[in-house]
Amino acid sequence: MRTSWADAVDGAASGSNSYGVGGASHRPAYVPPHLRNRTPTPERMAAPSTLNNGPLPVNDRLGNSGQNSGSRWAGPRSDYGKQGNNSGRGGGWGNRGGSWGGRELEANPFGNEDVEEIVSDQESSGINFDAYEDIPVETSGVNVPPPVNTFAEIDLGEALNLNIRRCKYVKPTPVQRYTIPISLVGRDLMACAQTGSGKTAAFCFPIISGIMRGQAVQRPHGFRTVFPLALILSPTRELSCQIHMETKKFAYQTGVKVVVVYGGAPINQQLRELERGVDILVATPGRLVDLLERAKVSLQMIRYLALDEADRMLDMGFEPQIRKIVEQTDMPPPGGRQTMLFSATFPREIQRLASDFLSNYIFLTVGRVGSSTDLIVQRVEFVQETDKRSHLMDLLHAQKDNGSGRQPLTLVFVETKKGADSLEYWLCGNGFPATTIHGDRTQPERELALRSFKSGKTPILVATDVAARGLDIPHVSHVVNFDLPNDIDDYVHRIGRTGRAGKTGLATAFFNENNMSLAKPLADLMQEANQEVPQWLTRYASWGAYGGKNRRSGGRFGSRDFRKENSFNRPASGGGSMDYYGGGGAYGGAYAGAGAPSAWD
DNA sequence: GGACCTT
């Protein structure tokens with residue numbers, strides 16, 4: 001039998017196979033004393049849902065069948081009609097009570113979704129497909145599997161397919177089209193794409209599917225220690241919550257358990273959740289480090305590691321914690337796990353750091369759609385520090401008038417936590433219902449603020465950068481950069497809170513002498529995005545030409561693969577810690593091995 | 001300066 005990816009993973013996970021990366025340590029599963037000298041019994045079957053659907057073929061995944069898996073569906077569009085209604089097979093919603101055997105009740109994560117607002121199916125899927133038609137995508141690395149056009153041509157399994165329909169996803173987004181096949185063959189990935197582009201699903205589907213198909217996982221029985229199979233890290237608590245909620249939907253009735261841990265919330269409750277079982281752990285770094293130190297969590301069985309907003313996770317403040325989690329715990333090394341990094345921007349210094357965590361990875365960049373391209377109108381106004389408040393009030397008054405009764409949602413970014421509080425106070429005092437989110441507020445306050453903003457109760461949210469990344473808040477029509485950030489990448493992330501998933505948005509920035517270092521990168525970015533650049537900004541940009549970081553070489557993209565730029569001066573192979581193109585990890589080897597890629601020829 | 005454990 002051919003060595004498949006699933007075998008490689010299972011082998012690595014159970015310790016029966018070396019990791020394949022030069023000299024990587026072999027880590028046998030921990031067996032607690034009271035269980036030694038016994039015949040090991042599987043902790044549980046990995047895929048209880050197969051009880052309903054019949055056994056899933058363990059290794060019959062995309063590409064291994066040797067036939068064109070796309071041929072099951074006639075063409076790229078044929079899935080529209082079939083998935084538009086739920087009348088297909090199974091009936092989905094109706095039959096859940098009966099088929100559960102002894103499992104405890106799993107809350108329906110789709111529950112109150114439809115009650116919130118009445119929107120068209122297309123809209124509720126969060127994706128404007130027309131806006132995605134001609135998004136440029138670039139990949140690099142060896143043996144990149146081709147993208148898929150429909151979910152149907154990927155064999156993710158019945159339960160997951162049902163959840164995809166429940167989410168009303170009819171067609172994969174560009175990042176999903178490319179990421180899912182890459183991920184299903186077990187390759188490491190560094191991907192540039194926005195959160196609103198369907199990133200979470202892109203890495204969750206293969207993780208869930210992989211866990212379900214994994215052979216009965218034999219996990220150690222630690223004393224109150226849990227052994228998740230997948231770890232998803234993100235830089236803020238709210239983003240971790242969001243990823244958790246989304247992942248719960250994808251994992252509904254698959255038997256795959258998802259738990260989130262983050263700071264600011266009582267730890268005991270999170271510990272109880274963990275003890276009830278966890279396959280996929282979503283976490284912020286601080287709380288996870290805490291749990292690791294208390295030995296409540298072991299990363300020994302991790303097969304999948306995903307870092308969301310990876311550029312933030314690897315910058316100065318976070319990097320030590322991430323290294324601690326990834327490199328100084330019992331987590332399998334690169335090659336012994338599958339690692340996926342996602343971010344809207346990937347500066348090359350960060351790519352260099354990130355390559356420590358990866359093995360023979362594929363670099364993927366999806367055009368910046370819905371962000372700094374045509375869907376967001378970007379304006380820059382010269383506003384002195386002392387005039388900012390009255391100027392903001394003018395903007396708010398103006399949009400109050402043209403609205404139809406309901407105030408459109410406006411997200412105002414400021415530099416400091418104190419600044420956020422005082423602006424909120426001032427806005428409220430002037431008749432504008434505002435709230436604020438920042439790191440000095442308690443977690444319940446932060447969550448309340450976000451809910452109140454989303455619901456339109458307080459249609460103005462004053463925020464620090466805690467809200468700059470990844471948060472998916474539908475219907476934000478205006479982002480105001482009351483204080484501009486120092487880094488152009490932060491600007492890109494901030495304005496990305498509007499114009500999400502194909503909808504249009506407006507971004508206004510207040511610029512003054514304090515922002516000179518941003519003049520050039522901002523002018524360049526706006527020009528790239530076909531925005532009107534005011535003359536005064538062009539002038540400032542030419543003055544301080546060599547001031548800012550000038551590393552936006554990706555054109556329409558967030559970044560480009562730094563390995564391409566380095567190809568001449570990198571060290572001879574074998575010496576460094578980085579696997580560039582050829583370096584063999586277990587997966588790279590298996591994948592590139594005899595005959596394996598033939599399905600894609 | 002902002003984000004990221006606990007008390």
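Values below: all heavy atoms of this structure, side chains included; hydrogens, waters and symmetry mates excluded. Worth saying up front: this structure is predicted, and the values here are computed from it rather than measured. Reminder, nothing fancy here: chain letters follow the sequence lines and each chain counts from 1.
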Among pairs that include at least one residue of residues 230-239 of chain A, which meet salt bridge (Lys or Arg N to Asp or Glu O under 4.0 Å), considering only residues two or more places apart or in two chains? E238(A)-R446(A)

Hey, are the side chains of L537(A) and M526(A) touching, using non-hydrogen atoms and a 4.5 Å cut-off? yes

Have a look at I460(A) and tell me which of L396(A), V480(A), L411(A) forms a side-chain contact (heavy atoms from CB on, under 4.5 Å) with it. L396(A)

Just jot down the side chain to side chain donor-acceptor pair (under 3.5 Å) partners of T386(A), sequence neighbours excluded, or say none. none

For E513(A), check side-chain contact (heavy atoms from CB on, under 4.5 Å) against everything at least two apart and list the hits. F382(A), Q384(A), M516(A)

Select one nucleotide: of dC4(B), dC5(B), dG2(B), the one nearest the side-chain heavy atoms of D290(A). dC5(B)

Under 4.0 Å, heavy atoms only, any strand: does P285(A) hit a base, just the sugar-phosphate, or nothing? nothing

Under a 3.5 Å distance rule, please check whether R497(A) uses its side chain to pair with a backbone N or O of A468(A) as donor and acceptor. yes

Return the set of residues passing side-chain contact (heavy atoms from CB on, under 4.5 Å) with A230(A) (not counting sequence neighbours), or none when no residue passes. I207(A), I211(A), I280(A), Y304(A)

With a 4.0 Å limit, can you tell me whether R294(A) has a side-chain N or O closer than that to the phosphate oxygens OP1/OP2 of dC5(B)? no

When we call it a touch if two heavy atoms are under 4.0 Å apart, what does V466(A) touch: a base, just sugar-phosphate, or nothing? sugar-phosphate

Counting side-chain heavy atoms from C-beta on, which of dC4(B), dG1(B), dA3(B) comes nearest to T416(A)? dG1(B)

Return the residues of residues 506-514 of chain A meeting this criterion: a heavy atom under 4.0 Å from some atom of DNA chain B. Order them by number, or give none. none

In whole Å, I'd like the distance from the CD atom of E293(A) to the P atom of dC4(B). 18 Å

Rounded to the nearest angstrom, tell me the gap between atom CG in N486(A) and atom C1' in dA3(B). 15 Å

If I take atom CG in residue L471(A) and atom P in nucleotide dC4(B), what distance separates them, rounded to the nearest angstrom? 11 Å

Any pair counted as salt bridge (Lys or Arg N to Asp or Glu O under 4.0 Å), so long as it reaches residues 410-425 of chain A, sequence neighbours left out: K417(A)-D440(A)

For dC5(B) and K324(A) - does any side-chain N or O of the residue sit under 4.0 Å from the phosphate oxygens OP1/OP2? no

Distance in angstrom units between K418(A) NZ and dA3(B) P, rounded: 13 Å

Between atom CD in Q443(A) and atom C1' in dA3(B), what is the gap in whole Å? 12 Å

Can you tell me how far C1' of dG2(B) sits from CD of E309(A), to the nearest Å? 15 Å

Whole angstrom value for the distance that separates P of dA3(B) from NE2 of H438(A): 8 Å

Of all the nucleotides listed (dA3(B), dC5(B), dG1(B)), which has the minimum atom distance to the side chain of T284(A)? dC5(B)

Heavy atoms only, 4.0 Å cut-off, all strands: where does R446(A) land among base, sugar-phosphate and nothing? sugar-phosphate

Looking across every strand, which nucleic acid part, if any, lies under 4.0 Å from G317(A) by heavy atom: base, sugar-phosphate, or nothing? base

Under 4.0 Å: is that the gap between some side-chain N or O of T464(A) and OP1 or OP2 of dA3(B)? yes

Spacing of L314(A) atom CG relative to dC4(B) atom C1', expressed in whole Å: 13 Å

